[in-house]
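Following: one structure in structure tokens, then a few remarks.
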Amino acid sequence: MTSETTATSPAPETDDLPEQTRVRREKRERILARGDAAYPVNLPVTHTIAQIREGYGYLGDGEETDDVAGVAGRVVFLRNTGKLCFVTLQDGEGGRLQAMLSQKVVGEEALANFKADVDLGDHLFVHGRIGSSRRGELSVFADEWRMAAKALRPLPVLHKELSEEARVRQRYVDLIARPAARDMVRLRAGVMRSLRENFHRRGFLEVETPMLQTVASGASARPFSTHMNAYDMELFLRIAPELFLKKAVVGGVEKVFEINRNFRNEGADSSHSPEFAMIEAYEAYGDYDTIGALTQDLVQTAANDVLGSTVVTLPDGEEYDLGGEWAQITMYGSLSEAIGEEITPETGVEHLTKLADKAEISLDPKKANHGKLVEELWEHHVGDGLYAPTFVRDFPVETSPLTREHRSISGQVEKWDLYVRGFELGTGYSELVDPVVQRQRFEQQARMAAVGDEDAMPIDEDFLTAMEIAMPPSGGMGMGVDRLLMALTGLGIRETILFPLVKPQG
RNA sequence: GGGCCGCUAGCUCAAUUGGCAGAGCUACGGACUUUUAAUCCGCAGGUUCUGGGUUCGAGUCCCAGGCGGCCCA
């Protein structure tokens with residue numbers, strides 16, 4: 001342990017600090033100088049704010065009890081009227097309790113110290129009888145106060161919204177000041193719990209697969225790379241857990257899920273974060289239909305568990321219904337209908353390119369294969385207009401190298417994307433388990449990489465070896481947890497992540 | 001990657017045509033024993049994101065950069 005000289009050494013140079021910060025440091029020094037603690041190791045807390053609110057909420061105006069409590073909380077309001085001071089304490093959930101400090105009860109010196117040294121934002125301990133003020137505010141009639149932890153920086157004003165940037169950069173302040181920020185933390189925890197409990201009820205096992213991978217595969221995305229000193233080799237942060245989860249299924253973990261972080265070295269905007277939480281699940285002897293039903297239930301159960309309803313209220317007040325059986329459309333069918341001509345897996349690249357030009361979609365011609373063109377056309381003509389929860393089914397084979405070919409339609413794969421309010425919430429497959437076909441798909445990806453497609457999936461020999469041991473027919477799904485929170489609240493991704501990545505301020 | 005908008009006191013925001021940089025809350029000093037964003041009196045607080053330039057004079061105009069937001073690709 002280091003010595004405690006830092007606690008007793010003189011205050012650091014304070015001349016250039018803003019006034020309010022300097023003043024608070026001086027108050028800390030004053031508290032220490034008179035022999036009190038500014039940061040005591042513990043305090044005789046007997047009740048939480050919530051316990052007092054629950055236990056004594058019945059008290060009428062001016063009614064007092066002889067019950068005594070020690071309570072602590074963060075000071076969010078201060079109202080001093082000479083010989084009687086009112087202070088409102090807040091707990092982590094936003095619950096508030098008033099304390100009243102009367103000169104007659106705490107004494108002249110203690111009240112003077114209180115007025116001199118307690119600021120908005122401090123953690124404060126009070127001890128005293130529980131009662132109700134004349135105006136009916138549940139209160140602790142303090143016979144003693146102690147500093148629980150002195151705040152050296154002022155809190156923002158609690159009556160104005162913090163700027164969006166300040167909320168993200170100083171989330172701890174946001175959590176103190178804004179109820180919606182506190183709610184999101186609890187909502188997210190509730191969703192995680194709901195998802196896990198749902199999986200457990202269904203007999204799925206939760207596993208954790210590697211974050212550091214020698215080949216980043218399982219999705220079409222660019223990885224972050226890093227370096228391992230001991231082996232002097234390049235490693236990648238994972239872009240998806242898919243290949244490892246499939247290895248688990250090969251080994252007999254037949255119903256398996258993982259909720260964990262993925263990292264994609266791409267842009268960041270209101271619906272993309274470079275690191276994001278994702279749930280993936282695989283079910284042996286399931287397919288994309290069973291896994292779709294599972295996904296619908298995961299979302300609807302989560303909504304019911306955390307909101308009590310599948311009807312969610314968006315920030316503009318609109319009510320959006322996640323309930324019922326979700327619509328199912330096919331990619332080729334809905335695209336054909338939207339543009340008024342039949343598009344099939346046989347439609348040539350030249351014709352698709354013409355259609356793309358007409359729609360003013362620009363694609364690098366080197367990468368413009370049939371599958372990419374169909375998906376781009378679909379997004380433009382159909383996807384952008386989707387609003388109600390919808391499964392979009394049966395994708396082109398080129399863009400889904402890990403998905404089984406459709407059981408009855410040549411050139412398509414058994415994959416769905418789930419769209420909610422126009423954004424992609426999740427995806428599901430009938431998994432490709434034929435190792436020979438899987439190798440051909442990887443080779444096709446390698447050819448795409450060779451012509452400059454940076455998102456193309458690299459060949460993973462280790463994965464192919466596992467597949468050659470034989471994976472049972474399976475359904476698999478993936479869903480962004482942050483996006484699920486977006487679907488349940490209508491908020492942007494950075495509101496759903498407690499500490500999203502932000503660039504340092506210049 | 002491109003376009004547009006923003007960055008001013010601890011927080012939220014003003015500042016006319018380029019002419020003394022302001023308000024509310026907070027802070028600080030004072031009054032007040034039932035307040036509810038307490039009230040009243042008084043008084044401080046600034047690298048106007050950074051660096052250049054134009055000008056007698058720049059928060060404001062020009063150039064470069066940083067950070068953020070929105071739209072587009």
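Lettering of chains follows the sequences in order, A, B, ..., and the numbering in each one begins at 1.
The interatomic distance linking A:Gln103 (CD) with B:rA31 (P) rounds to 12 Å, in whole Å. Rounded to whole Å, the distance from NE2 on A:His159 to P on B:rC13 is 15 Å. As rounded to whole Å, 12 Å separates atom C1' of B:rA38 from atom CG of A:Leu84. In this structure, A:Lys115 places its NZ atom 12 Å from P of B:rG29, rounding to the nearest Å. Between the CD atom of A:Glu108 and the P atom of B:rU33 there is a distance of 12 Å, rounded to whole Å. Computed from coordinates, the A:Leu501 CG to B:rC67 P distance equals 12 Å when rounded to whole Å. Atom CG in A:Leu152 sits about 16 Å away from atom P in B:rG10, given to the nearest Å. Atoms CD (A:Glu165) and P (B:rG68) sit 6 Å apart, rounded to a whole Å.
Within 4.0 Å of A:Thr21, counting heavy atoms only, lies no atom of the nucleic acid at all. Using a 4.0 Å heavy-atom cutoff across all strands shown, A:Arg169 reaches sugar-phosphate atoms only and no base atom. Across all strands, A:Arg494 comes closer than 4.0 Å only to sugar-phosphate atoms, never to a base (heavy-atom distances). Heavy atoms of A:Glu161 sit under 4.0 angstrom from primed sugar atoms or phosphate atoms, though from no base atom. Using a 4.0 Å heavy-atom distance criterion, A:Ile361 is classed as making no nucleic acid contact. Heavy atoms of A:Leu162 sit under 4.0 angstrom from primed sugar atoms or phosphate atoms, though from no base atom.
For the pair A:Lys160 and B:rC11, the criterion of a side-chain N or O lying under 4.0 Å from OP1 or OP2 is not met. Close to B:rU33, at under 4.0 Å from its OP1 or OP2, lies a side-chain N or O of A:Lys83. Between A:Lys27 and B:rC28 there is a side-chain N or O to OP1 or OP2 distance below 4.0 Å.
In this structure, A:Phe114 and A:Trp145 have perpendicular ring planes: the angle between them is above 60°, well past the 30° mark.
Comparing the P positions of B:rU12 and B:rG2 gives an interatomic distance of 30 Å, to the nearest angstrom. Spacing of P atoms, B:rU16 relative to B:rA58, comes out at 16 Å, to the nearest Å. Only the C1' atoms considered, B:rG6 is 33 Å distant from B:rC28, to the nearest whole Å. Separating the C1' atom of B:rG1 from that of B:rC11 is a span of 36 Å, rounded to the nearest Å. When the P atom is compared between B:rG3 and B:rC63, the two are found 12 Å apart, to the nearest whole Å. With both ends at atom C1', the span from B:rU47 to B:rG52 equals 16 Å, rounded to whole Å. Atom name C1', nucleotides B:rA21 and B:rC62: the rounded distance is 22 Å, in whole Å. Comparing the C1' positions of B:rA9 and B:rC72 gives an interatomic distance of 37 Å, to the nearest angstrom.
The base-pairing partner of B:rG18, taking Watson-Crick or G-U wobble contacts with both distances under 3.5 Å, does not exist among the strands shown. Nucleotide B:rU33: unpaired (no Watson-Crick or G-U wobble partner with both distances less than 3.5 Å).
The distance between the ring centers of A:Tyr387 and A:Tyr320 falls below 6.0 angstrom.
In this structure, A:Lys415 is positioned above the aromatic face of A:Phe395, its NZ or CZ under 6.0 Å from the six-membered ring centre and within 45° of the axis.
Using a 4.0 Å cut-off between charged side-chain N and carboxylate O, A:Asp117 and A:Lys150 make no salt bridge. Under 4.0 Å is where a charged nitrogen must lie from a carboxylate oxygen, and between A:Glu161 and A:Arg167 at least one such pair does.
Of the candidates A:Arg74, A:Arg79, A:Arg96, A:Gln98, A:Arg79 is the only one forming a side chain to side chain donor-acceptor pair (under 3.5 Å) with A:Thr88.
Using a distance-only test at 3.5 Å, with no hydrogens or angles considered, no donor-acceptor pair links the side chain of A:Thr496 to the main chain of A:Met486.
For a distance-only test at 3.5 Å, the side chain of A:Gln20 qualifies as a donor-acceptor partner of the base of B:rU26. Judged by atom type and distance alone, A:Ser102 reaches the base of B:rU33 through a side-chain donor-acceptor pair under 3.5 Å.
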